[in-house]
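Please read the structure below before turning to the comments.
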Amino acid sequence: QVQLVESGGGLVQAGGSLRLSCATSGRTFSSYTMGWFRQAPGKEREFVAYISWSSNTYYTDSVKGRFTISRDNAKNTVYLQMNSLKPEDTAVYYCAAKRYSSSTVYASYDYWGQGTQVTVSS
C-alpha cells in the first residue's frame, strides 16, 4: 500500500509562486511514477506533470517553463514548484502514484492523495 498526503496549497496573487509537497508512505516510492493532477470546479481532472522512477519528466503544455516537478527518494517526497502563477492555475491539486510505465491518464494511477487547494487571484 502507498499513501500520499499533499501540502503547500494556498492563496497567491498572479505572478507569485507556491511549492506543493507530497509525502508518501510505503517502501516502493522510488519505483513508482509520481504525478500531479489538478481539478477546477466543473471540469475534469487534468494532468499537470509526472516524474518517472528514472527521473524522466513530462509537463502539460500550459505549465511548461513555469512548473517544475522533482522527487527526493530519501525523503519519500515529490514536489511541484509553481512559478509565475496565473488565475487559470486555480484548482485542487492532487498527487498520484503509478506502477509500471508512466502515463498522463488519471485513471491509470493507482494511489491518490487528498488534494490541496491552490487559488490564484488577479
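Here, residue 1 is the first one in the sequence, and each next residue gets the next number.
- Annotation: ring pair (Phe, Tyr, Trp, His ring centres under 6.0 Å) contacts involving residues 102-122, sequence neighbours excluded, comprise Phe37-Tyr109, Phe37-Trp112.
- Side-chain contact between Ser70 and Gln81: absent, with no pair of heavy atoms (C-beta onward) separated by less than 4.5 Å.
- Every pair tested for salt bridge (Lys or Arg N to Asp or Glu O under 4.0 Å) that includes a residue from residues 10-24 fails, sequence neighbours excluded, so the list is empty.
- Applying the side-chain contact (heavy atoms from CB on, under 4.5 Å) rule to Val5 yields the partners Gln114; only residues at least two apart in sequence or on another chain are considered.
- Using a 4.5 Å cut-off between side-chain heavy atoms of Ile, Leu, Val, Met, Phe, Trp and Tyr, with links allowed through other members, Ile69 and Leu4 fall into the same hydrophobic cluster.
- Applying the disulfide bond (SG atoms under 2.5 Å apart) test to pairs two or more places apart or on separate chains, none has a residue in residues 58-92.
- Distance OG/Ser17 to CZ/Arg66: 10.0 Å, rounded to 0.5 Å.
- Considering Tyr32, Trp36, Tyr58 as possible partners of Tyr50, the one that fulfils the ring-ring contact (aromatic ring centres under 6.0 Å, His included) test is Tyr58.
- Following chains of ILVMFWY side-chain contacts shorter than 4.5 Å, one cannot reach Val120 starting from Val92, and the two form parts of different hydrophobic clusters.
- Counting only residues at least two apart or in different chains, disulfide bond (SG atoms under 2.5 Å apart) contacts with residues 41-87 are absent.
- Distance check: Leu80 CG to Thr116 OG1 gives 11.0 Å after rounding to the nearest 0.5 Å.
- Listed by first and then second residue, the ring pair (Phe, Tyr, Trp, His ring centres under 6.0 Å) pairs involving residues 64-93 amount to none (not counting sequence neighbours).
- Remark: Asn73 CG to Ser55 OG distance equals 7.0 Å, nearest 0.5 Å.
- Screening residues 57-122 for disulfide bond (SG atoms under 2.5 Å apart), with sequence neighbours left out, gives Cys22-Cys95.
- Atom CE of Met82 and atom OG1 of Thr68 lie 11.0 Å apart (nearest 0.5 Å).
- Sorted by first and then second residue, the disulfide bond (SG atoms under 2.5 Å apart) pairs with a member in residues 52-87 form an empty list; sequence neighbours excluded.
- Identified under the salt bridge (Lys or Arg N to Asp or Glu O under 4.0 Å) test for residues 44-53, with sequence neighbours left out: Arg38-Glu46.
- Here Lys64 pairs with Asp61 under the side-chain hydrogen bond (donor to acceptor under 3.5 Å, both in side chains) rule; sequence neighbours left out.
- For residues 111-122, there are no salt bridge (Lys or Arg N to Asp or Glu O under 4.0 Å) pairs, not counting sequence neighbours.
- Between the CE atom of Met34 and the OG1 atom of Thr24 there is a distance of 6.0 Å, given to the nearest 0.5 Å.
- Here salt bridge (Lys or Arg N to Asp or Glu O under 4.0 Å) pairs that include residues 106-122, with residues two or more places apart or in two chains, are Arg99-Asp110.
- When the side chains of ILVMFWY residues are joined at heavy-atom separations under 4.5 Å, either directly or via intervening members, Tyr59 and Val48 end up in a single hydrophobic cluster.
- With hydrogens and angles disregarded, no donor-acceptor distance shorter than 3.5 Å links the side chain of Arg71 to the backbone of Thr33.
- Remark: Ser122 OG to Gln13 CD distance equals 8.5 Å, nearest 0.5 Å.
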